[in-house]
Structures are given as C-alpha cells and as structure tokens.
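Chain naming here is simple, since letters A, B, ... match the order of the sequence lines and numbering starts at 1 in each. Source: prediction; values computed, not measured.
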Number of protein chains: 2
Amino acid sequence: MARKIGSSSEITGPRIRDAALRLFARHGFASVSMRQIAAEVGVQAGALYLYTADKQALLFDLMQDHMTDLLCALQALPQCSDPAAQLDQFARFHIGYHLDRPDAVFIAYMELRSLSADNFAAIESLRRRYEDHLQGILIEGAAKGRFIFGDAKMTTLALIAMLTGVTNWYREGGRLSRADVQTLYADMALRAVSVAIE
Amino acid sequence: MARKIGSSSEITGPRIRDAALRLFARHGFASVSMRQIAAEVGVQAGALYLYTADKQALLFDLMQDHMTDLLCALQALPQCSDPAAQLDQFARFHIGYHLDRPDAVFIAYMELRSLSADNFAAIESLRRRYEDHLQGILIEGAAKGRFIFGDAKMTTLALIAMLTGVTNWYREGGRLSRADVQTLYADMALRAVSVAIE
DNA sequence: TCTTGAATTGAACGGGCATTCAGATAAGTT
DNA sequence: AACTTATCTGAATGCCCGTTCAATTCAAGA
C-alpha cells in the first residue's frame, strides 16, 4: 500500500507540526525520534520528509513561527502613553499569551541549544526584539520619573524571567484563575519598578 | 593494555562527574553519549560503569548532590529576624550560589524531564523544601506587616524564577559585577513585595 | 474513463547508542 | 618478589537513529 485514503498535505502537514510540538515539549528535541513523530501522526517516518527538510528544520520552523506570532501579537496591542499602564498591559499580555501556548513557549526557552548556529542566531534576534520592547517601556517610564530601578537591561531580563516562570506551575482549573494570575504578576512587575499598587 | 598508569578511583570518579556535568549542561542529557563522557575523561565507555549504575543514575546523582548542597548552604546562613533583611539575604545567597555553579543549576532546571518518575519525585521534594524556605520568609514578613503581596505561593515561585533567570545572561567580566547584580536583584525582590528601597 | 501527479510505504543504509564482560595490566600488600 | 585486587580495555550484543528512494496507490482534473 502507498498513498492513504483521505490523505492530503493540508491535513498531514499541520498534524506533523502539532505532534512534533507536543512531543518536543514533553520529552525534549533530542529524545524524540522522527519515528515517534510519524507514529503519532499515523504515517511512516519517511513521509515526514515531504514536509520538512530534516529534523532540525522542523524544530526551527516551530520556534520561528512561535516567535513571529508573539511579535505580531505584541504589535497588535492598543497603544497607551502612561508607562504604568504600558507595563501592566505588557505583563498581562505576556502571561496570557504564554498560558495559551505552553508547549511552544517551553520549546522556545528550552531547545535553544538544540539549534544549529545559524538557526540559533535567527531565533535570538527575534527574542531580542521582544526584550527590546519591554526595555523601551522601562526606559520611557524612568525618563518620565514614573519608574525607579537599577539597570534597564537587567530589569528587563529579570521581569521576563519572572513572568515566563508562570508556565512552570500554572495549571488550568487550579487554585488561581487566569485573571488572578495576570493581576498578581502585573502588580509584582509594577512594584518591582517602584510603582505603588492600590 | 588494561589498567592505566596512575589510575585510581579517587581521580577517575570525580573526573567522570565533572565531565558529565559540563557536557550535560552544554548539550543536554539526551544528546550526550556515554562514549563522549568517557572520551572527555580519557577512558573507554565501559569504564564508566565502575562508577555509575547507568546513565540515568549519573544524572540523578549530579542533581541530587546539587540540591543537597544548596539546602545545606541555605541552612548555614546566619539567622536574622527582620523580614526585609531575610529576603535581602536570601536573594543575595541565591544569586551568588547560582552564579558559582552555572552548570549544576542549568541541569537542575533543564533536565527534570530526563529523570525517571522516582528520581523526579526525589528531586522535586528537595526543590520544594527550598521553595518553602522562601515562602516562610514571605509569610512571616506579611504577618509582621512588612511585606505586601497577592499570594504567597505564587510570589515565591515568581521570585525564584526571577532570581534564577540571572544564569541566562550573566557572564564573568561583563558590564555588571557580581555584587552589582546581587544588589540589583535583591532590591527588585524587596520592591516586588512592597518594601521601599533607599 | 483515463491520465497525471501528489502522498505514502517499506525496506534499506550506515552509523551510533547503552550496556556487558572476559581478559589484561597496574597498584598495593604481604 | 609474589600475590591479590582495583582499574580499565576492547570487542561484542541488540537496538534505535536520521535519512533516502523505488515502488505503489489514491485523488483529482481532462
């Protein structure tokens, strides 16, 4: 037997990417074999190579799409001029976006070292753009005298690490709701740069 | 040829653990082969099994020793009663300890999913004890009216994620000194729970 | 209905994997 | 110097890896 009934690239392609995303997130890129991904989709390993050049490209595409989508969604946020409102919005956005895509986020932070040098550089530059957005908010807030903090770059990285950490423990249906978590993290971020809350 | 000149378990044992620590941190547990570790030490792969039951035990021992040492060092800190001083001390300790052992820390946070179920539970329980220490400081500070925050458990995890994030970017000899970084992170932690700085 | 090309199989390739173990050699002890 | 024991080799075992490709079958347009 060869071509399967009901088969089409519009179905198999996304199914491969979904399976790879889930398996990479759960077990790690290096531990997942092409055969495992294929089995999840219900095809033979060879069929994967109609949809990706190789395993590395599969990982890179997943990461690049995630980062691109993230930057797009960030761009689409409504503008506001008050620094505290901007930081609050950023924190809520980051938490919400990350809680919606736990697997993609996990991969984007854990599998950087599985990328080839070129691919790593490409992803790092996208990530850098995201960080720069937050850093811009912090610097503007400091210039306007609304924020106080020690070092803009370090504070940026510390805040992003803090916010991203939510994916390590948050589970749907737990003690705290999504909105609770967004508020609590946003408030912590604001206080961390000396904005009084309540 | 068989036994090598100058060979002894007191030398080879630690060298194997050092090599494994460095290689696991750099390339990931799943990507590192026993042959690579052996080559780093200058010995054949079979010799590793005089020092570890298998590859999984090698990882587990590294992680367990790291967590045990961390808890020991935490215990050894001088006691103080002021909540703000306690949090400041904890933040400085965490940053300093983690900057001293980047490889061990990296493995302890990245390779949890490479552990067997039993080993994972053991490491998680050690990590839980560390988190509980910080949570105790936060709860006591809130009870004394010195700290304000939304939720103790969540704040604990957020602070630890923020502090641990330092290992992602700090490099010896960079723009900020070790002491700078400790001060900046400690101040952010304090502000995040509403303690006024300066 | 026939033809074309998209989709997939299944086998094969060369290689690396963790782990085991009999045999060999050096270190240490008497 | 002789003996014991700790240490290590090197080959072997059985398995899984990523990737390729000729052959095959289905879908869809003419």
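Remark: S33(A) is not in phosphate contact with dC16(D), judged by side-chain N or O atoms under 4.0 Å from OP1 or OP2. Note on Y51(A): every side-chain N or O is 4.0 Å or more away from OP1 and OP2 of dA7(C). OP1 and OP2 of dA6(C) both lie 4.0 Å or more from every side-chain N or O belonging to S9(A). Between Y49(B) and dC8(D), a side-chain N or O to OP1/OP2 separation shorter than 4.0 Å is absent. Between dA27(C) and S8(B), no contact under 4.0 Å exists linking OP1 or OP2 to a side-chain N or O. A close approach under 4.0 Å does occur between a side-chain nitrogen or oxygen of K4(A) and OP1 or OP2 of dT9(C). Phosphate proximity of dA18(C) to K55(B): present, with a side-chain N or O under 4.0 Å from OP1 or OP2.
Relative to the side chain of D54(B), the nucleotides dC8(D), dT19(C), dA27(C) differ in distance, and dT19(C) lies closest.
Relative ring orientation between H66(A) and H98(A) is described as perpendicular, the plane-to-plane angle rising above 60° on a 0-90° scale split at 30° and 60°.
Under the 4.5 Å side-chain criterion, counting only non-hydrogen atoms from C-beta, I37(A) is in contact with L48(A).
A straight line from CZ of F24(A) to P of dG18(D) spans 9 Å, rounded to a whole angstrom. When the C1' atom of dG5(C) is taken as reference, atom CZ of R3(A) falls 8 Å away, rounded to whole Å. Between the CZ atom of R35(A) and the C1' atom of dT9(C) there is a distance of 13 Å, given to the nearest Å. For the pair I5(A) CD1 and dT8(C) P, the interatomic distance rounds to 12 Å; values are reported in whole Å. Distance, M34(A) CE to dC13(C) P: 21 Å, rounded to whole Å. Summarising the geometry, the separation between CD on Q56(A) and C1' on dT19(D) is reported as 15 Å, rounded to the nearest angstrom. Taking atom CG of residue L58(A) and atom C1' of nucleotide dT19(D), one finds them 14 Å apart after rounding to whole Å. Spacing between atom CD of Q44(B) and atom C1' of dC17(C) amounts to 15 Å, rounded to whole angstrom units.
Residue contacts for L50(A): at a heavy-atom cut-off of 4.0 Å it reaches a base atom on one of the strands shown. Looking at heavy-atom distances under 4.0 Å, V32(A) makes contact with sugar-phosphate atoms alone, never a base.
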- Message: One pair to check against side chain to side chain contact (heavy atoms under 4.5 Å, CB included): I123(B) and L115(B). What are the steps and the verdict?
- Response: CA-CA 9 Å; I123(B) 298 297; L115(B) 291 171; 3.7 Å; yes
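Checked for salt-bridge contact, D82(A) and R146(A) meet the test: a charged N lies under 4.0 Å from a carboxylate O.
Comparing E10(A) and A53(B), the nucleotide of DNA chain C nearest to each residue sits closer to the 5' end for E10(A). The residue among S7(B) and S31(B) whose nearest nucleotide of DNA chain C lies closer to the 5′ end is S31(B).
Hydrophobic clustering keeps I139(B) apart from V195(B) (ILVMFWY residues linked when any side-chain heavy atoms are closer than 4.5 Å, directly or through intermediates).
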